[in-house]
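Note that the structure is a prediction, hence the values are computed from the model and not measured.
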Amino acid sequence: RSLTVLQKLLTAGLPAVGLMIAAWANPTLNVTPDERVDLVSIVFHYAGNREYGKIFIPEYARAMEIQFADVKEHPVIGMAREFHDRYGVSYNAIANLALRLASTESMQLKAETLDSLDPRWPRERLGEFLKQLRDFARQSKFSEFYAAQAPLYRTQCEFWQNRLEQSQAASWAKRFYGETRPLHFTVIPSALENGGVGPALEMNGEFYCYMVSMVFNSEMRRKIEAEPGAAESFEMRISSFLAHEFSHPWTNPVANAIYPQIQATAEKIFPTLQEAMKRQSYGTPRTMMIEMLNRAAELVYLHDRYGKEKAERHLAVQKANGFLLTERLFRCILAEREKGGASWRFSDGARAYIDCINADESLQLLHSLELAIKNAPSLVSISPENGAKNVDPATTELVITFSKPMTGMAICMADSGIPPQFISAAYDDSRTVLTVEVQLKPDSEYRLWLNRNANKNFASSDGGVLPDTEYVFYTGPAR
């Protein structure tokens with residue numbers, strides 16, 4: 001395939017970026033931006049899809065506002081909005097279409113890829129959508145805009161190249177999934193992406209796995225690098241991210257194949273988890289189960305790459321995010337692999353995954369979760385009040401009163417602001433009032449959490465768990 005304008009600019013100035021990272025016959029590793037992905041993402045950004053709501057590179061956002069000011073009401077934007085609202089076209093479905101386009105000039109789908117196009121795209125209206133997309137690109141002079149982003153993407157490709165090599169996620173996926181087809185792994189940084197999606201494509205007997213990923217601007221990277229021990233933690237999170245997205249092409253078919261056998265269990269579990277799942281854009285019992293199985297496979301990667309302790313730590317986060325059966329599936333996969341030996345591959349465990357999900361223990365986990373929700377304690381009062389301003393910096397105590405006796409505590413750091421300097425913390429005899437001795441500074445924003453993610457130690461004696469609660473207050477000048 002001929003190089004696009006931007007790829008030519010990139011590869012001319014940076015030979016290693018946008019080209020093959022390692023000269024392996026199988027799999028190949030690539031990091032390259034993709035103008036097709038950015039074009040379709042921009043259209044859905046203006047259509048209002050929330051997964052493209054933020055643009056993390058300010059220069060890119062400013063350039064967009066100038067370049068596309070006159071085409072924000074183009075017919076293709078309206079079609080994209082309708083496709084999202086009526087057919088659920090979002091997330092990986094968008095990159096799934098973009099990567100099947102022959103080019104941004106022709107807007108023709110590669111003939112051999114139509115059958116595997118995401119089913120959310122309405123086939124009967126696809127021709128008109130692509131015609132309008134081509135007109136949008138022409139009117140907005142999209143190619144000129146895209147070529148101007150070369151400096152931005154050069155930096156991002158360097159960043160992802162290093163992470164892809166360090167993660168060993170691609171070679172792990174080939175072994176773990178027992179893939180025999182020629183494999184090609186590609187990371188596609190995109191300024192429009194707010195997280196990551198993992199579409200895949202088979203052409204001419206070869207399998208192409210993509211991860212369309214968010215970019216990290218300089219401010220985000222400075223913040224990460226400034227945290228104690230951040231480098232190792234960040235590397236592991238990025239590696240896990242890669243393994244997660246590169247796993248979907250194999251875990252999704254297994255989850256979909258076994259879904260008729262696990263549907264009843266999924267539909268029993270989903271109502272309790274519905275709110276947590278929808279916050280993460282997993283809006284149906286089926287997508288919930290797809291994610292639980294994929295995240296279990298991701299945990300196996302962490303176990304293999306970083307060791308049992310790191311995998312267990314990440315498992316706690318998954319459980320806190322509502323993936324109720326991921327721990328059982330993770331341990332099931334490890335056991336099946338142990339039994340299967342060197343020739344085992346992930347899909348061989350399908351029967352075991354069904355039995356694991358449908359076992360009585362799964363419903364017992366659901367019952368325990370329902371009990372934790374039903375019996376959840378609440379905050380009666382907190383001093384200083386949540387959101388309080390001009391708090392006296394001479395204040396020495398935070399006093400938190402709960403609705404029932406508590407068994408532990410979990411005061412967690414926030415992503416912004418600063419925590420107080422903690423000296424001590426103790427409950428009264430009733431274990432309903434927690435007094436935290438602190439030292440504060442003038443003119444400061446203090447922000448922390450009572451329970452957060454995997455840290456759920458604020459729990460009541462009857463099995464209830466306090467919902468994650470952010471607590472913030474602001475001190476005034478010294479008095």
Peer 1: Enumerate the residue pairs fulfilling salt bridge (Lys or Arg N to Asp or Glu O under 4.0 Å) with a member in residues 283-306, sequence neighbours excluded, ordered by first and then second residue.
Peer 2: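 Sorted pair list: E291-R295, D304-R337.
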Peer 1: Keeping N451 on the side-chain end and N457 on the backbone end, is there a donor-acceptor pair under 3.5 Å?
Peer 2: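 Checked: pair present.
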Peer 1: Would you call the rings of F44 and F129 parallel, tilted or perpendicular, where under 30° means parallel and over 60° means perpendicular?
Peer 2: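 Tilted, since the angle between the ring planes falls between 30° and 60°.
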Peer 1: Using only atom types and a distance under 3.5 Å, with no angle test, would you say the side chain of Y446 pairs donor to acceptor with the backbone of K441?
Peer 2: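 Yes: the side chain of Y446 pairs with the backbone of K441.
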Peer 1: Sub-3.5 Å donor-acceptor pair from the side chain of N96 to the main-chain atoms of N92, do we have one?
Peer 2: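 No.
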Peer 1: Identify, with sequence neighbours excluded, every residue that meets side-chain contact (heavy atoms from CB on, under 4.5 Å) alongside T186.
Peer 2: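 T186 satisfies side-chain contact (heavy atoms from CB on, under 4.5 Å) with N30, T32, I188, Y210 once adjacent residues are dropped.
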Peer 1: Tell me, which pairs form a salt bridge (Lys or Arg N to Asp or Glu O under 4.0 Å) where one or both residues lie in residues 42-55, sequence neighbours left out?
Peer 2: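 Qualifying pairs, neighbours excluded: none.
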Peer 1: List the residues meeting side-chain hydrogen bond (donor to acceptor under 3.5 Å, both in side chains) with S239, not counting sequence neighbours, and say none if there are none.
Peer 2: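 In terms of side-chain hydrogen bond (donor to acceptor under 3.5 Å, both in side chains), with neighbours along the sequence ignored, S239 is linked to Y306.
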Peer 1: Would you check if the side chain of N49 reaches a backbone N or O of S90 as a donor-acceptor pair within less than 3.5 Å?
Peer 2: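 Not confirmed, N49 side chain does not pair with S90 backbone.
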Peer 1: I want to check something: taking the side chain as every heavy atom from C-beta on, are R479 and N390 in contact at a cut-off of under 4.5 Å?
Peer 2: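 Yes, side chains in contact.
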Peer 1: With a cut-off of 3.5 Å and sequence neighbours excluded, list every side-chain donor-acceptor pair involving residues 361-375.
Peer 2:
from : atom 1 : to   : atom 2 : distance (Å)
S362 : OG     : R328 : NE     : 3.3
S362 : OG     : C356 : O      : 3.1
S362 : OG     : I357 : O      : 2.9
S368 : OG     : Q364 : O      : 3.2
E370 : OE2    : T272 : OG1    : 3.2
N375 : ND2    : D462 : O      : 3.1

Peer 1: Would you say the ring centers of W250 and F176 fall short of 6.0 Å from each other?
Peer 2: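 Here the rings of F176 and W250 have centres that are no less than 6.0 Å from each other.
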Peer 1: What are the two closest heavy atoms between Q439 and I423, and how far apart are they?
Peer 2: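 In terms of heavy atoms, the two residues are closest at CG-CD1, 3.6 Å.
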Peer 1: Taking only residues two or more places apart in sequence or in another chain, which ones pass ring-ring contact (aromatic ring centres under 6.0 Å, His included) with Y471?
Peer 2: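 With sequence neighbours excluded, Y471 shows a ring-ring contact (aromatic ring centres under 6.0 Å, His included) to F473, given in chain and number order.
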Peer 1: Examine distances only and state if a side-chain atom of Y46 and a backbone atom of E73 form a donor-acceptor pair shorter than 3.5 Å.
Peer 2: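 Flag not set: sc Y46 to bb E73 has no pair under 3.5 Å.
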Peer 1: What's the verdict on salt bridge (charged side-chain N to carboxylate O under 4.0 Å, His left out) for R279 and E275, showing C-alpha distance, side-chain angles and the deciding distance?
Peer 2: CA-CA 6 Å; R279 277 201 309 270; E275 184 178 342; 3.6 Å; yes
Peer 1: Which residues pass the ring-ring contact (aromatic ring centres under 6.0 Å, His included) test with Y353, sequence neighbours left out?
Peer 2: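 If we apply the ring-ring contact (aromatic ring centres under 6.0 Å, His included) test to Y353, skipping adjacent residues, the hits are F346.
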Peer 1: With sequence neighbours excluded, tell me which residues meet side-chain contact (heavy atoms from CB on, under 4.5 Å) with A311.
Peer 2: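 Applying side-chain contact (heavy atoms from CB on, under 4.5 Å) to A311 gives L302, H303, F330.
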Peer 1: Do T326 and Q318 pair up side chain to side chain, a donor and an acceptor below 3.5 Å, judged on atom types alone?
Peer 2: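 Looking only at side-chain atoms, Q318 and T326 do not form any donor-acceptor pair under 3.5 Å.
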Peer 1: Give a yes or no on whether the backbone of D443 and the side-chain of T475 come within a donor-acceptor separation of less than 3.5 Å.
Peer 2: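 The answer is yes, because a donor-acceptor pair under 3.5 Å joins these two groups.
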Peer 1: List for me each residue that meets ring-ring contact (aromatic ring centres under 6.0 Å, His included) alongside H248, sequence neighbours excluded, and say none if there are none.
Peer 2: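 In terms of ring-ring contact (aromatic ring centres under 6.0 Å, His included), with neighbours along the sequence ignored, H248 is linked to H244.
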Peer 1: Taking the side chain as every heavy atom from C-beta outward, state whether V212 and I94 have any atom pair closer than 4.5 Å.
Peer 2: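 No, their side chains stay 4.5 Å or more apart.
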Peer 1: Donor-acceptor check, side chain of R36 to backbone of L99, threshold 3.5 angstrom: yes or no?
Peer 2: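 Indeed, once roles are kept as given, a pair shorter than 3.5 Å links the two residues.
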Peer 1: If you look at every heavy atom in V71 and I77, which pair is closest and at what distance?
Peer 2: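 Heavy atoms of V71 and I77 come nearest at O-CG1, 4.0 Å.
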Peer 1: With sequence neighbours excluded, tell me which residues meet side-chain hydrogen bond (donor to acceptor under 3.5 Å, both in side chains) with D85.
Peer 2: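 D85 satisfies side-chain hydrogen bond (donor to acceptor under 3.5 Å, both in side chains) with no other residue.
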Peer 1: Check whether the side chains of S247 and Y177 place a donor and an acceptor atom closer than 3.5 Å, and report yes or no.
Peer 2: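 Side-chain D/A pair, S247 to Y177: present.
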Peer 1: Applying side-chain contact (heavy atoms from CB on, under 4.5 Å), can you list everything that pairs with K141, at least two apart in sequence or on another chain?
Peer 2: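 For K141 the side-chain contact (heavy atoms from CB on, under 4.5 Å) partners, ignoring immediate neighbours, are Q67, E144.
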Peer 1: Taking Q280 for its side chain and N321 for its backbone only, find out whether a donor-acceptor pair lies under 3.5 Å.
Peer 2: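 Yes, the answer is positive, given that a donor and an acceptor are paired below the 3.5 Å cut-off.
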Peer 1: Kindly say whether the aromatic ring centers of F145 and Y60 come within a distance under 6.0 Å.
Peer 2: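 Judged by ring-centre distance (under 6.0 Å), F145 and Y60 do meet the cut-off.
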Peer 1: Is it true that E312 and R331 make a salt bridge, defined as a side-chain N closer than 4.0 Å to a carboxylate O?
Peer 2: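 Salt bridge flag = yes for R331 with E312.
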Peer 1: If the condition is side-chain contact (heavy atoms from CB on, under 4.5 Å), which residues does P419 pass it with, not counting sequence neighbours?
Peer 2: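 Listed in chain order: M413, F422.
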